[in-house]
> 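Got a structure here, written out as structure tokens. Questions coming.
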Amino acid sequence: MVQGEYLLKILYLGNFELPDKNAAAHRVLGIAKALREGGNEVYFTGISKVENKEKENILLSERTWQGFCYYSRPYPENNREWVKFVADITPYKEVINHIGNIDIVICYNMSAFSLAQIKRFCKLKNIFCTADITEWYSMAGRKFPSNIIKGIDEFIRMRIIHKHVNGLIVISSYLEHYYQTCKNMIRIPPLVDLNEEKWKNVYEKESKVLKLVYAGSPGRKDRIDYLIEAAGGLTRSFWLDVIGITKDEYLKLYPKHRNIVEHNDNIVFHGMIPHQEVLEYVKKANYCCFFRDRSRVSMAGFPTKFVEAISCGTPVITNDTSDLSGYFHSKNGVLLDSCNKKNIQITLENASMVQKTDTLIFDYQKHIIPINRWINSIK
């Protein structure tokens, strides 16, 4: 254990769903484990899609996971509930008062309105307020009026409030550069705990049929259509598992690909499945594939799917976004300079069946010292 100068009580707040329901949950757990190894006590307040909405007292939601105590707010399901969720920080205040003597609050991608209120409350309670920033979305692809509301929120949160908190954790060098004048900042990629059984890979990679996997939520970032179109034109034997979207959902987004999808039985859509099952598909694959257009969104974030694939021994085929170029040397897969059907198809056609990965690079234990230096610098 790396002992920090102080034994601190830290509360992580945000829209993460423990234990492993979204990428946010994996990120906060990784950082929290590093903080705990430094002698600090970490609590969580996240969200839950199964909590009873009639349970108004958030303290009744108390659970434990891997030695951490966490509380959950019910996930809002309509506009009215979302407005209340953002506007009312009373549940967070109740948790802070219940735990008592909180030293530092870390706000994970909080909305501007919530963050401003939490920052004000922390100041009254002599608590240091910090932020963990992993994304910078745009208004593109959103409908009116949510695009305007989201755009204003992003502007205030990213360009104003974050510059006035007590410390920042950022996920990419893009954000690190933007906030370079801010005090107490550290850049941390997504982290994993390699001691967990789920990262151990006991499978032998396929040697005859190229097994590919896409696992994620296409949304506004991933260009899964590039992958489907390129795979549909391959001459070599392959198998592609698509996880996170059903065939019908895909064809609604890309109806022009019906012929490709209907005539390739080796392209299989699985829809949404539990995270543990996702990892089993990733472990068996020769490559995990995803592609993103270069934009502020893709450069400011960092793909969790890359971290997970590398950590369980599956190389990645992707294009150059975020900080990925720093992780492709003689291992870890193939990094494309540009993202188009021709480049992807040529790469898939010529990809070797076996390639090693550096499974250790995202283990949280490699980040214990810098994370705890950061947290102690805030004090």
Side-chain angles (χ1 to χ4, degrees), residues 12-17 22-28 30-31 46-47 82 85-86 105-119 129-191 216-224 290-308 318-327 339 362 371 374:
Y12 233 125
L13 305 176
N15 295 348
F16 44 81
E17 189 173 8
N22 55 16
H26 300 293
R27 174 168 178 80
V28 300
I31 293 176
I47 59 171
W82 269 112
F85 185 87
V86 171
V105 166
I106 305 175
C107 298
Y108 177 88
N109 290 339
M110 301 289 286
S111 71
F113 193 76
S114 296
L115 181 57
Q117 292 186 85
I118 292 168
K119 180 175 175 292
C129 182
T130 66
D132 183 4
I133 315 169
T134 70
E135 61 190 22
W136 193 341
Y137 285 118
S138 69
M139 293 189 294
R142 298 179 183 273
K143 296 181 179 180
F144 180 85
S146 63
N147 61 338
I148 303 298
I149 296 171
K150 185 64 176 176
I152 294 172
D153 182 88
E154 287 285 292
F155 182 91
I156 297 173
R157 179 171 69 98
M158 301 298 289
R159 298 183 184 275
I160 300 175
I161 302 178
H162 282 158
K163 294 179 180 180
H164 295 91
V165 295
N166 300 111
L168 295 173
I169 308 173
V170 297
I171 202 170
S172 65
S173 56
Y174 181 97
L175 292 172
E176 184 179 41
H177 176 75
Y178 180 76
Y179 292 112
Q180 60 184 316
T181 60
C182 295
K183 62 181 180 180
N184 301 328
M185 178 178 60
I186 186 172
R187 172 163 58 93
I188 299 294
L191 304 177
S217 301
R220 292 179 293 276
K221 289 190 292 187
D222 292 349
R223 294 307 304 264
I224 189 176
F290 66 92
F291 306 97
R292 294 175 173 180
D293 293 325
R294 286 176 68 92
S295 65
R296 186 181 71 187
V297 174
S298 62
M299 297 305 291
F302 194 106
T304 301
K305 55 177 65 68
F306 175 79
V307 174
E308 294 185 345
T318 187
N319 62 300
D320 188 11
T321 59
S322 187
D323 295 327
L324 292 181
S325 61
Y327 296 94
C339 182
F362 297 109
I371 287 176
W374 170 78

> What's the spacing between M110 CE and L13 CG if we round to 0.5 Å?
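Spacing of CE (M110) from CG (L13) equals 5.5 Å.
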> Does the pair H26 and V307 meet the rule for a side chain to side chain contact (heavy atoms under 4.5 Å, CB included), with working shown?
CA-CA 11 Å; H26 300 293; V307 174; over 6 Å; no
> Of all the heavy-atom pairs spanning E154 and Y137, show the shortest one and how long it is.
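Closest approach of E154 to Y137: OE1-N, 3.0 Å.
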> Using side-chain contact (heavy atoms from CB on, under 4.5 Å) as the criterion, list what pairs up with A23, not counting sequence neighbours.
T304
> Quick one: CG on L324 to CZ on F306, what's the gap to the nearest 0.5 Å?
5.5 Å
> Give a yes or no answer on whether the side chain of S114 reaches the backbone of V86 with a donor-acceptor pair at less than 3.5 Å.
yes
> Kindly give the heavy-atom pair with the smallest separation between W374 and G167, and that separation in Å.
CZ2-C, 4.1 Å
> For F85, enumerate each residue passing the ring-ring contact (aromatic ring centres under 6.0 Å, His included) test, keeping only those at least two apart in sequence or located in another chain.
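Testing F85 for ring-ring contact (aromatic ring centres under 6.0 Å, His included), a comparison that skips the adjacent residues, returns W82.
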> Keeping the roles fixed (side chain from N319, backbone from F291), state whether a donor-acceptor pair exists under 3.5 Å.
no
> Residues in side-chain contact (heavy atoms from CB on, under 4.5 Å) with S298, at least two apart?
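Counting only residues at least two positions away or on another chain, S298 forms a side-chain contact (heavy atoms from CB on, under 4.5 Å) with R292, S295, T321.
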> I need the minimum non-hydrogen distance between P190 and F362, along with the two atoms involved.
O-CD2, 3.6 Å
> Report the distance from atom CD1 of I186 to atom CD1 of I31, rounding to the nearest 0.5 Å.
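Between I186 CD1 and I31 CD1, I get 8.5 Å after rounding to 0.5 Å.
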> With sequence neighbours excluded, tell me which residues meet side-chain contact (heavy atoms from CB on, under 4.5 Å) with D293.
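Partners of D293 under the side-chain contact (heavy atoms from CB on, under 4.5 Å) test: R223, Y226.
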> Run the side-chain contact (heavy atoms from CB on, under 4.5 Å) test against Y179 and tell me which residues pass, sequence neighbours left out.
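Partners of Y179 by the side-chain contact (heavy atoms from CB on, under 4.5 Å) criterion, ordered by chain and then number, come out as I133, M158, H162, K163, L168, V170, L175, C182, M185.
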> With distance as the sole test, does D323 use its side chain to make a donor-acceptor pair with the main-chain N or O of S173 at under 3.5 Å?
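Pair found, side chain donor or acceptor close to backbone of S173.
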> Please name the pair of heavy atoms, one in I169 and one in I106, separated by the smallest distance, quoted to 0.1 Å.
CD1-CG2, 4.3 Å
> So F16 and N109, side chain to side chain contact (heavy atoms under 4.5 Å, CB included) or not? Walk me through it.
CA-CA 10 Å; F16 44 81; N109 290 339; over 6 Å; no
> Would you indicate whether the side-chain heavy atoms of W136 and R159 approach each other to under 4.5 Å?
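Yes, their side chains come closer than 4.5 Å.
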> Of all residues at least two apart in sequence or in a different chain, which pass the side-chain hydrogen bond (donor to acceptor under 3.5 Å, both in side chains) check with D132?
Y12, R27
> Looking at CZ of R296 and CD of E135, how far apart are the two atoms once the value is rounded to the nearest 0.5 Å?
11.0 Å
> Mark yes or no for whether R294, through its side chain, and D320, through its backbone, hold a donor-acceptor pair below 3.5 Å.
yes
> What's the shortest heavy-atom distance between A112 and D153, and which atoms?
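Nearest pair, atom of A112 first, then D153: N-OD1, 2.8 Å.
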> Using atom types as modelled and distance alone, determine if a side-chain donor or acceptor of N15 lies under 3.5 Å from a backbone N or O of A24.
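It does not hold such a pair.
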> Quick one: SG on C107 to CD1 on I118, what's the gap to the nearest 0.5 Å?
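Output value for this atom pair is 4.5 Å.
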> So, does S172 use its side chain to make a donor-acceptor pair with the main chain of F302 at under 3.5 Å?
no
> OG of S111 to CD1 of I156: how many Å apart, nearest 0.5 Å?
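CD1 of I156 is found 10.0 Å from OG of S111.
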> To check you understand the geometry: which heavy-atom pair defines the closest contact between V165 and C129, and what is its length?
CB-O, 3.3 Å
